[in-house]
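Read through the structure below, which is laid out as structure tokens, and then see the notes.
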Amino acid sequence: MSRTQPTIDQPGVCFFFTGLSGSGKTSIASALDLALRHQHGRKTTLLDGDVVRTHLSSDLGFSRAHRDINIGRIGFVAAEVVKHGGIAISAAIAPYDSARRAARQLVAPHGCFILVHLATPLAVCEQRDVKGLYAKARSGEIKAFTGISDPYEPPTDADVTINTSQVAIADAVQLLLKQMNDMAAVNNKR
């Protein structure tokens, strides 16, 4: 394996995952991160929603305004990574269309923005819930929980849509790598 710096054929890229809790965002993002770094020699930055909430947005709650600020911060960091030829992989719920569009507007001038909607059914997400968050939300213990007591706006502009109850992680990674290569090819023809 040879590690190379990004060339004109390798612009900066942001994979921006959105989906309900338990939809597979962290699992696929982590697998994609490994594939890009180890198989393709690209520099990556993984912006996992839980980690971002701990280190970058610990001052925020879960109101709509705070969720939008959180996604804005992720979009800003992703834009900086992409601007310098790296790959940002964001794995946050990002429930609101307007915040996702704002993140795209921050990143797109610097490289590729790939919106990945993990359209895993709510019932499947609830079955996967190892933290018991859905049960707590349904009992009222957790307020404003996305998909239960707070809305999730499915994107109408996703570049890739994956139902992780039907697509294996490895296959999802291959779909995403193909999307990145296809977008790079289109950009190089311009």
Side-chain angles (χ1 to χ4, degrees), residues 13-30 32-33 44-83 86-165:
V13 177
C14 175
F15 288 95
F16 195 94
F17 288 83
T18 180
L20 296 172
S21 179
S23 63
K25 296 179 302 298
T26 297
S27 297
I28 295 175
S30 296
L32 178 63
D33 180 46
T44 62
T45 300
L46 180 58
L47 301 166
D48 180 73
D50 289 341
V51 176
V52 169
R53 280 278 183 178
T54 299
H55 297 287
L56 185 61
S57 295
S58 62
D59 59 321
L60 300 177
F62 291 92
S63 67
R64 181 171 183 143
H66 280 195
R67 290 175 193 254
D68 287 349
I69 292 168
N70 182 54
I71 298 306
R73 290 175 182 178
I74 290 171
F76 172 78
V77 172
E80 290 300 307
V81 170
V82 169
K83 186 187 305 184
I87 297 179
I89 304 169
S90 168
I93 293 171
Y96 302 118
D97 184 61
S98 60
R100 292 188 302 259
R101 289 181 188 275
R104 184 186 292 268
Q105 288 175 345
L106 284 171
V107 174
H110 307 292
C112 296
F113 183 94
I114 301 171
L115 180 61
V116 182
H117 177 211
L118 295 188
T120 306
L122 175 62
V124 173
C125 294
E126 286 191 75
Q127 290 172 346
R128 293 177 177 171
D129 185 19
V130 296
K131 297 177 188 174
L133 299 176
Y134 281 101
K136 289 178 181 177
R138 289 205 181 273
S139 72
E141 191 177 336
I142 297 176
K143 306 290 183 211
F145 190 80
T146 303
I148 303 298
S149 53
D150 210 49
Y152 177 79
E153 300 171 359
T156 58
D157 61 341
D159 299 294
V160 179
T161 300
I162 300 169
N163 177 342
T164 63
S165 68

Check your understanding: Could you go step by step and tell me if Leu20 and Thr146 meet the side-chain contact (heavy atoms from CB on, under 4.5 Å) rule?
Key -> CA-CA 7 Å; Leu20 296 172; Thr146 303; 4.0 Å; yes

Exercise for review: Could you name each residue pair satisfying salt bridge (Lys or Arg N to Asp or Glu O under 4.0 Å) that touches residues 51-60, not counting sequence neighbours?
Suggested key: Asp59-Arg73

**Study point:** Candidate pair Leu122 and Ile148, rule side-chain contact (heavy atoms from CB on, under 4.5 Å), full reasoning
**Key:** CA-CA 9 Å; Leu122 175 62; Ile148 303 298; 4.3 Å; yes

Exercise for review: Return the set of residues passing salt bridge (charged side-chain N to carboxylate O under 4.0 Å, His left out) with Lys83 (not counting sequence neighbours), or none when no residue passes.
Suggested key: Glu80

Point to revise | Gap separating the CD1 atom of Ile89 from the CG atom of Leu32, nearest 0.5 angstrom | key: 4.0 Å

Exercise for review: Enter the distance from Lys143:NZ to Lys136:NZ here, rounded to the nearest 0.5 Å.
Suggested key: 13.5 Å

Point to revise | Non-neighbouring partners of Ala135 that pass side chain to side chain contact (heavy atoms under 4.5 Å, CB included), sequence neighbours left out | key: none

Exercise for review: Give a yes or no on whether the backbone of His55 and the side-chain of Ser58 come within a donor-acceptor separation of less than 3.5 Å.
Suggested key: no

Review point. Mind checking what makes ring-ring contact (aromatic ring centres under 6.0 Å, His included) contact with Phe62, not counting sequence neighbours?
Key: none

Review point. If you take all heavy atoms of Cys125 and Ser21, which pair is closest and at what distance?
Key: CB-O, 3.2 Å

Review point. Looking only at heavy atoms, what is the nearest atom pair of Arg100 and Ala94, with distance?
Key: NH1-O, 2.7 Å

Practice item. Any chance you could measure Leu118, atom CG, to Ile93, atom CD1, to the nearest 0.5 Å? Key: 11.5 Å

Exercise for review: Give the minimum heavy-atom separation between Val160 and Ile114, together with the two atoms involved.
Suggested key: CG2-CG2, 4.3 Å

Exercise for review: Under the side chain to side chain donor-acceptor pair (under 3.5 Å) rule, collect the residues that match up with Ser27, sequence neighbours excluded.
Suggested key: none

Exercise for review: Under the salt bridge (charged side-chain N to carboxylate O under 4.0 Å, His left out) rule, collect the residues that match up with Asp157, sequence neighbours excluded.
Suggested key: Arg101, Arg104

Check your understanding: Has the side chain of Thr164 got a donor or acceptor atom that lies under 3.5 Å from a matching backbone atom of Thr120?
Key -> no

Exercise for review: List the atom of Leu46, the atom of Ala29, and the distance in Å for their closest heavy-atom pair.
Suggested key: CD1-CB, 3.8 Å

Review point. Do Asp159 side-chain atoms and Leu115 backbone N/O form a donor-acceptor pair below 3.5 Å?
Key: yes

Check your understanding: Partners of Tyr96 by ring-ring contact (aromatic ring centres under 6.0 Å, His included), sequence neighbours excluded?
Key -> none

Exercise for review: Hey, could you give me the CG/CZ distance between Leu106 and Phe76, rounded to the nearest 0.5 Å?
Suggested key: 8.5 Å

Point to revise | For Pro95 against Pro151, the heavy-atom pair lying closest together | key: CB-O, 3.7 Å

Point to revise | Taking every non-hydrogen atom, the tightest pair across Ser98 and Asp68 | key: OG-OD2, 4.5 Å

Exercise for review: State which residues pass ring-ring contact (aromatic ring centres under 6.0 Å, His included) with Phe17; sequence neighbours excluded, sorted by chain then number.
Suggested key: none

Practice item. Could you pull out all residues at least two apart from Ala103 that satisfy side chain to side chain contact (heavy atoms under 4.5 Å, CB included)? Key: Phe16, Ile71, Phe113

**Study point:** Pairing residues for Lys131 by the salt bridge (charged side-chain N to carboxylate O under 4.0 Å, His left out) criterion, not counting sequence neighbours
**Key:** Asp50

Exercise for review: Could you pull out all residues at least two apart from Glu153 that satisfy salt bridge (charged side-chain N to carboxylate O under 4.0 Å, His left out)?
Suggested key: Arg64

Check your understanding: How would you list all residue pairs meeting salt bridge (Lys or Arg N to Asp or Glu O under 4.0 Å) that involve residues 111-129, not counting sequence neighbours?
Key -> Glu126-Arg138

Practice item. For the pair Phe145 and Tyr134, name the ring-plane relationship: parallel under 30°, tilted 30 to 60°, perpendicular over 60°. Key: perpendicular

